[in-house]
Structures are given as C-alpha cells and as structure tokens.
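To keep things clear, I will list the structure first and then write my remarks on it.
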Amino acid sequence: MRLSSTKQDPVTFLSLIRQCIDTKSISDIKKVQTQIMKSGFLLGFGDKLIDGYLKCGGVVDARKLFDELPKRHIVTWNSMISAHIGHKRTKEAIGLYKKMILEGVFPDEYTFSSIFKGFSEMGSLREGQRAHGFSIILGLEASNVFVGSALVDMYSKFGQMRDAKLVADRVVKRDVVLFTALIVGYSQHGEDREALAVFVSMINGGVKANEYTFASILIACGNVENLGNGKLIHGLIIKSGFESVVASQTSLLTMYSKCGLIDDSLKVFKRFANPNLVTWTSLIVGLVQNGKEEVALTKFRQMTRNSINPNAFTLSSVLRACSSIAMLEEGKQIHAIVTKHGLDRDTYCGAALVDLYGKCGSTEMARLVFDDIIELDVVSMNSMMYSYAQNGLGHEALEMFNRMKDLGLQPNDATFVSVLIACSNAGLVEEGCQIFASMKKNHDIELTRDHYACMVDLLGRSGRLEEAEALIEKVRNPDVVLWRSLISACVIHGEVKMAERIKDKVLKLAPGDEGTHVLLSNIYASTGNWSQVIEMKTTMREMRLKKDPAMTWVDIDREVHTFMAGDWYHPRSKEIVETLKELMERVKSVGYVPDTQFVLHNLKEEKKERCLYYHSEKLAIAFALWRTSNKTTSIRIFKNLRVCGDCHNWIKYVSKVVNREIISRDSKRFHHFKNGSCSCGDYW
DNA sequence: CTAGGGTTAG
C-alpha cells in the first residue's frame, strides 16, 4: 500500500484502515498506525485500529496497541476477548476479562457469551461459576439467549448436566443453538436418551432444527443404536433441506454404521461429491467396527490417492483394522505412513501400534513403540499389558500395572482383564488371586463376567478346581462360558467325574450347548473311553450340533492361506505333503514321537498318526516353510482353537531343525517356538 | 465496530 503523505485527515485514515481490512494486511495497518501516531490523532483511532488488527488476525499486534491506549471502549474489550478465545489464547482472554473488571468496565452480554468458553477450555469450573454468578447479578443470564447458551455449553463441557439444564430452563427465549448445546452435552456424557428427549421437546416447542442439531442428534441415535429414530431424523434432514451438509451427512453415516447398517453408510458416502478427511475417517471407522477390515484398508488407499492426508484419527483407525485381523505387513506399511506424518509418539497412534504389534506377537516391537509415546494413558498402557499377557510375560505385565499406578492413572476394567490373563498365562496364581481380591476393595471396579472367566481359568489351569467352582457359584447369573472354562480345566487335569458333574449343571442351563459336548467328548477320548465318545457324538448329531472346525491361517506376501485338518483344496497341496514328509523325517530323527492321545477318534494307532499328520497347523507351517526362503527368520500362524499337545511338541522340534522362529497365536495366547522350546514353558 | 451450538478414535 502506498500512503499519501499529504492527506492526513480523519476521513482518509478511516478509509485506509478499511482498505487494510479488505486486503487482510497486518503490515499495512502498522504503516497506517505509524502515520496516525505521527499526526497525533492516535487517541481517536485506537479502537478502529484494534478492530482492523483483529479482523486481519493480528491478535498480538492488537494486544500491543491495546495496552498502550489509556481508555478503551467496551466493544473493544469484547472484541479482544472473543478474538483471543478464537485464537486459543485462553489464558490471555481470561486475563483481559479480569482486567476489565478491575478497571471498572462491567462485562456485558457480549463479554459473557465469549468468556464462558474460556473457562471450560481452561478447566476452571470454579472461576466459571463465579463469572456465572456475576452474570446473574447483572441480569444477563436468563434474559439473553447468547449468554444462556454459552453457559449451557460450559456446564455441558464440565459434565455438569444438572446445572446446564437448570440454566437452559431459566432462559426466556430459547433458540436452536441453546437446545443443540444441551443435546450435545447430554450425548457426550452418555445420556443419549435425555438428548433425544430434548430434541423432541425442541421440535414440539416449534423450534426448527438445523444442520448442527441434526449432526448432534444423530450421534445420540447411533450411541443407543436407535435406528428407528435415526431413520425418522434422516427423513427430517431431507425435508429440511440439509441433505447435502457435510457434517450432518457424516453423522448420518456414523449413525448407520453404529446401528450395524454399514451398507447404508456406504450409500450415504456415495452421495458425497467431495468427502473430506472427517467423512473418510468416519467411513473407515464404521467399516472396521462392522468387521470389514479389508474394505477399510481399500478405502484408506482410495482416500490417500485422492490426495487427502490422513491425521491421527484416520491412522489409528486403519491400524485397528490391521490389528483386529492381524495383518502385520499392512500394519507395518501404515506404521511407515504414521512415521511420515510424525505421529509415532501420538497417544492414539502409539496405542494402536502397540496393539498391532502385540496382536501379531511382536512384544519387543510393541515395547519400542510404547516407550516413545509422549503422553501415556490408560488405554495405551492396557494395550502393552495385554500384549505381555498374551505372550505369557506375566512379570512384565505386572511391572506395567505398577507403573500405571505410579503414574497416578486409574486402572479400568480392561486393565484387570489383561492383568488377570497375564497371571493366568504365566502361572502367577497367588498374585492373580490377590489382585482379583483388590479390585473391588481398592479400585472400585465392578466385576464383570470377563474377570470371573479369567479367574476360573487361572484357578482351573493350576488345578484348584474346587475353588474355581466355588467362584462361579458366587456369580449372580453364571453363563455357559464360565462353566465351559471350568470343564476345560477338568479336561487338562483329567478330572472326568467333576467334568461330568459340571456338564449336567451346564446342560440344565443351556440344553444344547455344543461347546460342552465337544469338551466332554474330548475328555472321554483322551482317557480312552470310546463308548462315551460315541455316545456324545451321537447326541450331538441328534441335536444337530456342530463344532467349529479347527482352522489355521498364515499370511504370506499379503495373501492369507487358510487350512483345515485333512483338507486338500489348497492348490499347492502336493508341495505341502512333500514338505511335511521331509519335516516328519527330520523331526523324528531328533526325537519327536507322535502323541496319539490327542487324536479324538477311535482309530488304529497307525491311522491316528496320519490324523495328527494333517492337523491344520502342521499343514500351514509346511506351506509357509515351502513358500518362504531361509532368509525369513520367523513365521506367524493363527489358529481359531487352542493348539493341541502333539502339534505344540512337533512345532518345537520343527523350530529346531529348520532353525526358524515360529510364532503361533491360538485362541488363548501366543506361543513363540524357537530352537526347540516354546515361550509358554509348556503351560497353557 | 462485538456474541453462543456441530462431524472422526481405543
């Protein structure tokens, strides 16, 4: 801007400032300010200049000038305060608020409408309440809906919904903003039904919802999986013409996926002309929640191809997709993207990475990520603990548990699930019992079925069967899973009589429980009681019960290969059998003896051996060894059931003769086979 | 010359 040196009258100054605002140039305002100061007119233009600075985003420069002025208009105070709030300079905004009161300038309705947000952002409930009191004295609380809704928002953010409601009820003319603030407050504090009630009363009161209201109320519908209302509101959105507003569309998408209608979410998504980052992320999250992890990854790639950069939200969700189905290779690629965006140390991404590596059996890698997280929280620590628990590292898990307490973090119910599994898998029976006892006493944790299940497993596995039974008796409505886990403990310890007694209990509770039948036939088979096995199998057939077939899968070069016992559908079955034969010879030569007690059919020894031969994990391992070179130092397999004793023993030998690490995740935990032994110490 | 509410994560 060229400043004229001749014309220095007030009218010129005003128009110069206006020009600066139009061009959003802070440096130009500075020049104008210098010129005004030279001409001695500053006092008259102070407020105008500040207005100019603020409109151009120059909060710091505005403040500098503001402090030099001897007197400022109330409007200028208010502009300063709201601009500081808007620029997240909360402390300074509150400082200005206090300063104005000290200087005898009373806050007005404009001041209050901005300053309450400052208190909620600072987390200063007390100060907020004091300011609230002041607004009542000045008669501005109920008479001005801007002040009222700012207050409702503040109390909502503090979770003080009673106070939020009280203020809302006192406001004379309630509008859509006030109602929306109340709806959001309720829904963000788990009172979604209350949120819906507010919405209904708003509509009945003749106040029309807008895009903000729709966005918020749909979240409430999703949270309580209230599809009926969700659909009604979808209709209302169309009627009110907000169909193409991104935020309400995004909430609509989320609502459908939370209600399990992922196809409807996809339909909503298709109508977006230009989906933004939040929309893409919502879709990805929905897909993961609905078990469509692979689609989630495809969508993620599509998103990045459309040059939309992921943020921590997106990346942590994509990582969840990878960890929930243990896609380690994909996960590693996402990890690289996380690093590229500098989010390795982010609490959410960090926790998701820990979860990924933990669920893939790489506890060391999980720990490396974990140690880099800047701000640890309960979830990230739970993930680390769970990883230790699954891999049988009980002491490390307990160490983490203690560190959590040292950090002053409140352990939650998931924490205890991990800790108890850790104790169970590492055989830390006494420790587990003590921790279990302390949960309610010292941590005020509500005991869930999961906790009881962990304890039954812990006691049962270590042979304390009666204690385990007594514990189940204490549960109000013990479910089949608890009893079943006790029966499987009986199987491990060969307690046939007890198993039968418990079976009768279970079948009274759930007559057709297939798991129980399977377990019983297992215990009969392992003790050679074939007539009982046949009887059980007949009963099962008559009741049309089918057990889940054992399956093992292995991920090689991002392709998942699934194997079932004795199935030869794999295109490479010829190579698999050859590899298997060769392996068998090699492991037998170093001491492996097939253990046919794990064959649960009444067959001749020779045939039993063949049965063992073709267990799904053996097929998967043979395939993996055939497909990968010796340079691949470790092989990862996954199994839907628990590993059988013979396979466990066999894999130990295999790991020795091929000199590779074999990591196996079964339905209960990880086994790391290396150089002839397993990380579980044969206790599982 | 100034003011209030909304969309994505374990």
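Each chain gets a letter, A, B and so on, in the order the sequences are listed, and its residues count up from 1. Everything numeric in this text was worked out from a predicted model, so none of it was measured.
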B/dA3 phosphate, OP1 or OP2, under 4.0 Å from A/Lys117 side-chain N/O: no

Side chain of A/Gln188 - closest among B/dA3, B/dT7, B/dG5: B/dT7

Check ion pair A/Glu103-A/Lys99 (N to O, under 4.0 angstrom): yes

Proximity to DNA chain B (any heavy atom under 4.0 Å), residues of residues 79-86 of chain A only: A/Ser79, A/Ser82

d(CE, A/Met255; C1', B/dT8) in whole Å: 16 Å

Selection from B/dG5, B/dG10, B/dT7 that lies nearest to any side-chain heavy atom of A/Ser251: B/dT7

Within residues 141-152 of chain A, residues whose heavy atoms come under 4.0 Å of DNA chain B: A/Asn144, A/Val145, A/Phe146, A/Ser149

A/Phe199 atom CZ, neighbour heavy-atom count above 12 within 6.0 Å: yes

Touch class at under 4.0 angstrom, heavy-atom based, for A/Ile219 against every strand present: sugar-phosphate

Would you be so kind as to tabulate the donor-acceptor pairs closer than 3.5 Å made by side chains of residues 293-302 of chain A, with sequence neighbours excluded?
residue	atom	partner	partner atom	Å
A/Glu293	OE2	A/Ser324	OG	2.9
A/Thr298	OG1	A/Glu294	O	2.9

Touch class at under 4.0 angstrom, heavy-atom based, for A/Thr213 against every strand present: base

A/Arg174 side chain to A/Asp169 backbone, donor-acceptor under 3.5 Å: yes

Stretch residues 368-377 of chain A: residues that reach within less than 4.0 Å of DNA chain B through a heavy atom: A/Asp377

Proximal nucleotide (of B/dA9, B/dT7, B/dA3) relative to the A/Asn276 side chain: B/dT7

A/Asn274 atom CG, neighbour heavy-atom count above 12 within 6.0 Å: no

Selected nucleotide, minimal atom distance to A/Asn210 side chain, candidates B/dT7, B/dT2, B/dG5: B/dG5

Closest nucleotide among B/dC1, B/dT8, B/dA3 to the A/Lys55 side chain: B/dC1

Pair A/Phe116 + A/Tyr155: ring centers closer than 6.0 Å: no

A/Lys267 with A/Asp263: basic N within carboxylate O range, under 4.0 Å: no

Crowding at CZ, A/Arg449 (>12 non-hydrogen neighbours, <6.0 Å): yes

Proximity to the side chain of A/Val246 - top-ranked nucleotide from B/dG5, B/dC1, B/dT7: B/dT7

Contact list for DNA chain B against residues 280-296 of chain A - heavy-atom distance below 4.0 Å: A/Thr281, A/Ser282, A/Val285, A/Gln289

Per-pair distances, 0.1 Å, donor-acceptor, side chain in residues 311-319 of chain A, under 3.5 Å, sequence neighbours excluded:
residue	atom	partner	partner atom	Å
A/Asn311	OD1	A/Phe313	N	3.0
A/Asn311	OD1	A/Thr314	N	3.0
A/Asn311	OD1	A/Thr314	OG1	2.9
A/Thr314	OG1	A/Thr281	OG1	3.1
A/Thr314	OG1	A/Asn311	N	3.2
A/Ser316	OG	A/Ala312	O	3.1
A/Ser316	OG	A/Phe313	O	3.1
A/Ser317	OG	A/Phe313	O	2.8

